[in-house]
Amino acid sequence: MAKEITPRSEDYSKWYLDIVRKAGLADNSAVRGCMVIKPTGYAIWEMMRDQLDKMFKDTGHVNAYFPLFIPKSFLSKEADHVEGFAKECAVVTHHRLMSNPDGSGVVVDPSAKLAEELIVRPTSETIIWNTYKDWVKSYRDLPLLINQWANVVRWEMRTRPFLRTSEFLWQEGHTAHATRTEAIEEAQLIHEVYARFAEDYMAMPVIKGAKSAHERFAGAEETYTIEALMQDGKALQAGTSHFLGQNFAKAFDVKYLNSDNQEEYVWATSWGVSTRLVGALIMTHSDDEGLILPPKLAPIQVVIVPIPRPSSDILAVADKIKSDLNQKGISVLIDKDEKKRPGFKFAEYEMKGIPVRIGIGERDLAKNQVEVARRDTRSKESRPLDNIAEHIVLLLDQIQDSLLEKARTFRDENTTTADDFKTFKELINDKGGFVSAHWDGTTETELKIKELTKASIRCIPNDAELEKGSDVLTGSPSQRRVLFAKAY
RNA sequence: CGGGGCGUAGCGCAGUCCGGUUAGCGCACCUGUUUUGGGAACAGGGGGUCGCAGGUUCGAAUCCUGCCGCCCCGACCA
C-alpha cells in the first residue's frame with residue numbers, strides 16, 4: 001500500500017514520524033528544527049487552545065500579549081532563570097540587510113548593529129515582570145491573572161515534530177499575588193486545570209505531582225507537573241505550573257503597598273502547555289493504522305462515506321444525518337469524491353483518526369440502516385437509520401471514555417514498584433513505564449540514578465502516602481515513594 | 001556538540017563500488033476508458049539544476065575536497 005505506516009513494534013520513533021506526516025499533521029520546514037503545522041494538525045491545536053482558553057477564563061484569567069523580543073539585560077536579572085535558558089536562545093543582533101556588494105543577494109548591514117541585542121523569547125517571565133513593575137502599586141491591583149497565547153523559541157539540539165521543536169506554540173500564564181498562599185493556590189489550581197484537560201479532553205491519564213529540585217523550572221520554588229505515559233513506556237511531561245516565590249518580583253523590583261501601607265514584594269506563578277500536547281495525543285492513542293483522536297478534540301468527529309459512490313439518494317440521507325448531528329454540536333464531513341473508492345476512503349480516514357465513520361450504500365438504504373464504524377476499535381455494525389444521530393452522540397461519548405480507560409489500563413499495567421536497585425534497573429530497562437521507588441531526597445542520588453539507568457524522577461506524586469522506607473540506591477532513609485521513568 | 005547512517009521527482013527507492021547515449025522504477029499527480037460494499041485496471045501524459053560549492057576528466061549522480069541538511073543513538077531540554 002502507498003501509505004504504509006511503520007509498526008510501533010518495529011520502530012516506535014519512525015511510527016510516530018509516519019503518523020505525523022501521513023495523517024497530514026505537520027511537515028519539516030526549510031528552517032532547521034522548525035515544523036510547518038498543516039491544517040489538520042493546526043485544527044487539533046485550535047481545539048485544544050479553545051478549550052483551555054475557556055477553562056482559563058472560567059477560572060478568572062484574561063489574555064494579553066507581550067513582545068516577541070526581550071532585551072538581553074532582562075535575561076540576566078534572575079540568576080537561576082538565565083542559567084536555565086541562556087544556552088538555547090536565539091539572538092537578534094542587527095536590524096537591517098543590504099545588497100551584497102558583490103551582487104549576490106543580501107548580507108547583514110554591519111552598520112545596523114543593535115546597541116543591545118534582543119533575545120527571541122524562550123519564555124516571557126522577564127519581559128512580563130518588567131511590565132508588571134508598572135502595573136502593580138497597591139494590593140488593590142492584585143491579583144494579576146494573565147495568560148498569553150504565543151510562540152517561543154528554544155534552540156534545541158535535537159528536535160521532533162510537536163514533541164520538541166525550536167519554535168513552538170504555547171500558552172503561558174503569569175500571575176502576581178499579594179500572598180504566598182494565594183500564589184501557591186493559583187499554581188495548584190492551574191495544575192488541576194491541566195490534569196482535568198488531559199483526562200477529560202485528551203483522554204490521557206496523568207500523574208499529578210511536584211518536580212524534584214533538580215527538575216524544577218529555572219527560577220521556580222516549586223513546579224507542579226502532569227506526567228503522562230506514552231505507548232513505548234517513556235514518560236512525557238505534559239504541563240507544568242510553577243510557584244515562583246518572590247524571585248521575579250525581587251529581580252524586577254515589583255512591590256505593592258498592603259492595606260497597612262507597608263511595601264512588599266509580590267508573589268508569582270507561571271504555567272504553560274504547548275503544541276507538545278499534540279504529540280502526547282498522538283502517542284497516547286494512535287495505532288499502526290494511523291492517528292486516533294478522542295472525539296472531544298477531533299476537528300471532524302464523523303465522516304460519512306457514500307458506498308460505492310455518491311448518489312442523490314445516498315446524499316439526501318447523508319445530508320439529513322449531517323444536519324441532525326450538526327444540531328447536536330457534532331462536526332461532520334460528507335465525502336462526495338466520486339473518483340476514490342470506498343476502501344481507499346476507509347483507510348484514509350482511519351489514517352486521519354476521525355472517530356466515527358458512517359457508511360451508506362444502496363443495500364443499507366434498502367434495509368433502512370447505515371454502517372457505523374469506530375476508529376478506535378476498528379469495529380463496525382449496522383444501525384437502524386431511525387435515531388441514528390442520538391446513537392452517534394452516545395457512541396462518541398463511549399469512544400471518549402473507552403480511550404481514557406484503555407490508556408489508564410496501559411498506564412497502570414506499566415507502573416511498578418521497586419525496593420532494591422537491581423529490580424529497579426531491570427524494570428526501567430526491560431519493562432519501562434513508571435517505577436515507584438523510595439528516594440532519599442538528594443539531587444546527588446537523583447543524578448546518580450539517572451546516570452546509571454537513564455531514568456529521572458518524573459514527579460513526587462501529590463497522593464504519595466507517607467511511608468518510611470530506604471532509598472532504592474543509597475539505602476538512606478526516605479519518607480515517601482517518587483515516580484521514576486525514562487522521559488521524552 | 002560526540003558516534004552512526006543517509007541526501008537522486010511530492011513520498012519511497014535503484015543506479016554510485018568499477019565515470020560513458022536522452023537518469024530509471026513504485027506510489028502520488030493529470031487525461032481518457034472500463035470499474036466501484038476495505039487502499040481498482042489499462043492506456044497515454046506531466047514533473048529532476050542527482051543537497052550545495054569547488055576540483056579532477058574529453059566526459060561526473062558516479063572520483064576528490066569543503067560545506068549544508070535530514071534521520072537514529074547519546075548529552076541538553078517543554
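So you know, we letter chains A, B, ... as the sequences are listed, proteins then strands, and number each from 1.
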Distances for protein N or O near nucleotides 71-74 of chain B N or O, under 3.5 Å:
residue: B/C73; atom: OP2; partner: A/R158; partner atom: NH2; Å: 2.4

By side chain to side chain contact (heavy atoms under 4.5 Å, CB included) - contacts of A/K454 (at least two apart):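 A/K486.
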Residue matched to [N] through Watson-Crick or wobble contacts both under 3.5 angstrom:
N     : result
B/A23 : none
B/U65 : B/A53
B/C17 : none
B/G47 : none
B/C1  : B/G74
B/G59 : none
B/C42 : B/G32

Does the side chain of A/R341 get closer than 4.0 angstrom to OP1 or OP2 of B/G39 through an N or O atom?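 No.
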Do any N or O atoms of the protein come closer than 3.5 Å to N or O atoms of nucleotides 31-34 of chain B, and which pairs are they?
none

State, without any angle test, whether [X] and [Y] hold a side-chain donor-acceptor pair at a distance under 3.5 Å.
X      : Y      : answer
A/Y201 : A/Q51  : yes
A/N462 : A/Y224 : no
A/S166 : A/T159 : no
A/N28  : A/R21  : no

Nearest-Å distance for atom pair [atom1]/[atom2], residues [X] and [N]:
X      : N     : atom1 : atom2 : result
A/L452 : B/A75 : CG    : P     : 12 Å
A/E348 : B/A28 : CD    : P     : 11 Å
A/D27  : B/G69 : CG    : P     : 19 Å
A/I307 : B/A40 : CD1   : C1'   : 16 Å
A/R378 : B/G38 : CZ    : P     : 13 Å

Can you tell which of A/M202, A/M204, A/Q231 makes a side-chain contact (heavy atoms from CB on, under 4.5 Å) with A/T284?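 Of A/M202, A/M204, A/Q231, side-chain contact (heavy atoms from CB on, under 4.5 Å) with A/T284 is met by A/M204 alone.
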Heavy atoms under 4.0 Å, any strand shown: does [X] hit a base, just sugar-phosphate, or nothing?
X      : answer
A/T225 : nothing
A/Q237 : sugar-phosphate
A/F217 : nothing
A/G33  : sugar-phosphate

Between A/D287 and A/R375, does any NZ, NE, NH1 or NH2 come within less than 4.0 Å of an OD or OE carboxylate oxygen? yes
Got a list of protein N/O to nucleotides 8-11 of chain B N/O distances below 3.5 Å?
none

Quick one: are the ring centres of A/W45 and A/F162 less than 6.0 Å apart? no
Check: A/H174 ring centroid to A/Y132 ring centroid under 6.0 Å: no
[atom1] spacing across the pair [N] / [M], given as an integer number of angstrom:
N     : M     : atom1 : value
B/U8  : B/G15 : C1'   : 9 Å
B/C11 : B/C70 : P     : 14 Å
B/G2  : B/U16 : C1'   : 29 Å
B/G37 : B/A9  : C1'   : 36 Å
B/U22 : B/G48 : C1'   : 13 Å
B/C42 : B/A61 : C1'   : 33 Å
B/A75 : B/C29 : P     : 43 Å
B/U33 : B/G26 : C1'   : 23 Å

Which nucleotide sits closest to the side chain of [X]: [options]?
X      : options             : answer
A/K380 : B/G38, B/G37, B/G39 : B/G38
A/R357 : B/G39, B/G38, B/C76 : B/G38
A/M351 : B/G37, B/G39, B/C76 : B/G39

ring-ring contact (aromatic ring centres under 6.0 Å, His included) partners for A/F424, two or more places apart: A/F421, A/F484
What pairs meet the side-chain hydrogen bond (donor to acceptor under 3.5 Å, both in side chains) rule with one or both residues in residues 290-302 of chain A, with sequence neighbours excluded? A/Q301-A/S331
Using salt bridge (charged side-chain N to carboxylate O under 4.0 Å, His left out), reason through A/K339 and A/D337 one step at a time and then give a plain yes or no. CA-CA 6 Å; A/K339 299 273 182 179; A/D337 192 327; over 6 Å; no
I want to confirm an ordering. Mapping A/Y488 and A/P342 to their closest nucleotides on RNA chain B, which one lands closer to the 5' end?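 By nearest-heavy-atom nucleotide position, the 5'-most residue is A/P342.
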B/G37 base to A/E362 side chain: any donor-acceptor pair below 3.5 Å? no
Does A/E289 get its side chain close enough to the base of B/G39, under 3.5 Å, for a donor-acceptor pair?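 For A/E289, whose side chain was compared with the base of B/G39, there is no donor-acceptor pair (under 3.5 Å).
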NZ (A/K77) with more than 12 external heavy atoms under 6.0 Å: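 Atom NZ in A/K77 is crowded, with more than 12 foreign heavy atoms closer than 6.0 Å.
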Would you kindly check if the NZ (Lys) or CZ (Arg) of A/R154 is within the cone defined by 45 degrees around the ring axis of A/W170 and under 6.0 Å from the six-membered ring centre? yes
